[in-house]
Colleague: 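Encoded as structure tokens, here's the structure I'll be asking about.
Position 1 is the first residue of the sequence; numbering continues from there. Computed from a predicted model, the values in this text were never measured in an experiment.
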Amino acid sequence: MTKKITTALAELIKALGKHAEIAATPDASVSKTERATVRVQKAATAYLSALPAKKRMANPFLGVVDDRIDDNLRATLEAERAAMSSKEKTSSK
């Protein structure tokens, strides 16, 4: 692994660990939880940007599903994402 990917992975693991620690605390404040969530999101973004673009690696987080969302809402969100994606593709041509 390259140093950039290794560093990004270490930061992602650290952010996930802290998030899990906070999530397991019954009296954790909403703001503390939100800050931990933002750190995980930033670390995941950094990890994705560290992946070599020339290898055309798929996003390892694409299939991650929030099981707190019911199937109908998930289908609606996926349809909206597909519609936005197709708009972006046609506007870039």
Side-chain angles (χ1 to χ4, degrees):
M1 284 191 291
T2 69
K3 186 174 182 177
K4 187 175 179 182
I5 293 172
T6 305
T7 302
L9 174 61
E11 288 300 315
L12 179 56
I13 291 169
K14 180 179 172 183
L16 283 168
K18 185 67 175 173
H19 187 277
E21 180 183 311
I22 291 168
T25 305
D27 58 345
S29 69
V30 172
S31 61
K32 196 172 190 178
T33 305
E34 288 174 346
R35 284 192 304 271
T37 299
V38 168
R39 283 192 293 270
V40 169
Q41 291 169 340
K42 286 182 178 181
T45 300
Y47 177 77
L48 289 174
S49 68
L51 295 176
K54 64 185 174 190
K55 290 188 179 180
R56 297 186 165 266
M57 294 180 164
N59 179 342
F61 303 111
L62 261 183
V64 177
V65 176
D66 185 347
D67 64 354
R68 297 171 299 174
I69 299 174
D70 68 18
D71 290 337
N72 291 334
L73 179 57
R74 184 174 296 116
T76 301
L77 293 172
E78 287 174 0
E80 288 176 4
R81 182 185 303 146
M84 289 173 29
S85 177
S86 68
K87 275 186 182 179
E88 288 174 5
K89 288 179 183 176
T90 56
S91 67
S92 66
K93 288 182 179 180

Colleague: Going from CG on Asn72 to CG on Leu77, what distance comes out if it is rounded to the nearest 0.5 angstrom?
Modeller: 11.0 Å
Colleague: Same cluster or not: are Leu62 and Met84 linked, directly or through other Ile, Leu, Val, Met, Phe, Trp or Tyr residues, by side-chain heavy atoms under 4.5 angstrom apart?
Modeller: no
Colleague: Can you name the salt bridge (Lys or Arg N to Asp or Glu O under 4.0 Å) partners of Lys18, sequence neighbours left out?
Modeller: Glu21
Colleague: When hydrophobic residues are tied together by side-chain contacts of less than 4.5 Å, even through go-betweens, does Ile13 share a cluster with Ile22?
Modeller: no
Colleague: Roughly how far, to the nearest 0.5 Å, is OG1 of Thr7 from CG of Leu12?
Modeller: 12.5 Å
Colleague: In chain order, what residues pass the side-chain hydrogen bond (donor to acceptor under 3.5 Å, both in side chains) check against Ser31, with sequence neighbours excluded?
Modeller: Ser29
Colleague: Only pairs at least two apart or in different chains count here, so list each salt bridge (charged side-chain N to carboxylate O under 4.0 Å, His left out) that has a residue in residues 4-17.
Modeller: none
Colleague: Show every donor-acceptor pair shorter than 3.5 Å between a side-chain atom in residues 35-53 and any protein atom, with sequence neighbours excluded, or say none if there are none.
Modeller:
from: Thr37; atom 1: OG1; to: His19; atom 2: NE2; distance (Å): 3.1
from: Thr37; atom 1: OG1; to: Thr33; atom 2: O; distance (Å): 2.9
from: Thr45; atom 1: OG1; to: Gln41; atom 2: O; distance (Å): 2.9
from: Ser49; atom 1: OG; to: Thr45; atom 2: O; distance (Å): 3.4
from: Ser49; atom 1: OG; to: Ala46; atom 2: O; distance (Å): 2.9

Colleague: Return the set of residues passing salt bridge (Lys or Arg N to Asp or Glu O under 4.0 Å) with Glu34 (not counting sequence neighbours), or none when no residue passes.
Modeller: none
Colleague: What pairs with Asp27 under salt bridge (Lys or Arg N to Asp or Glu O under 4.0 Å), at least two apart in sequence or on another chain?
Modeller: none
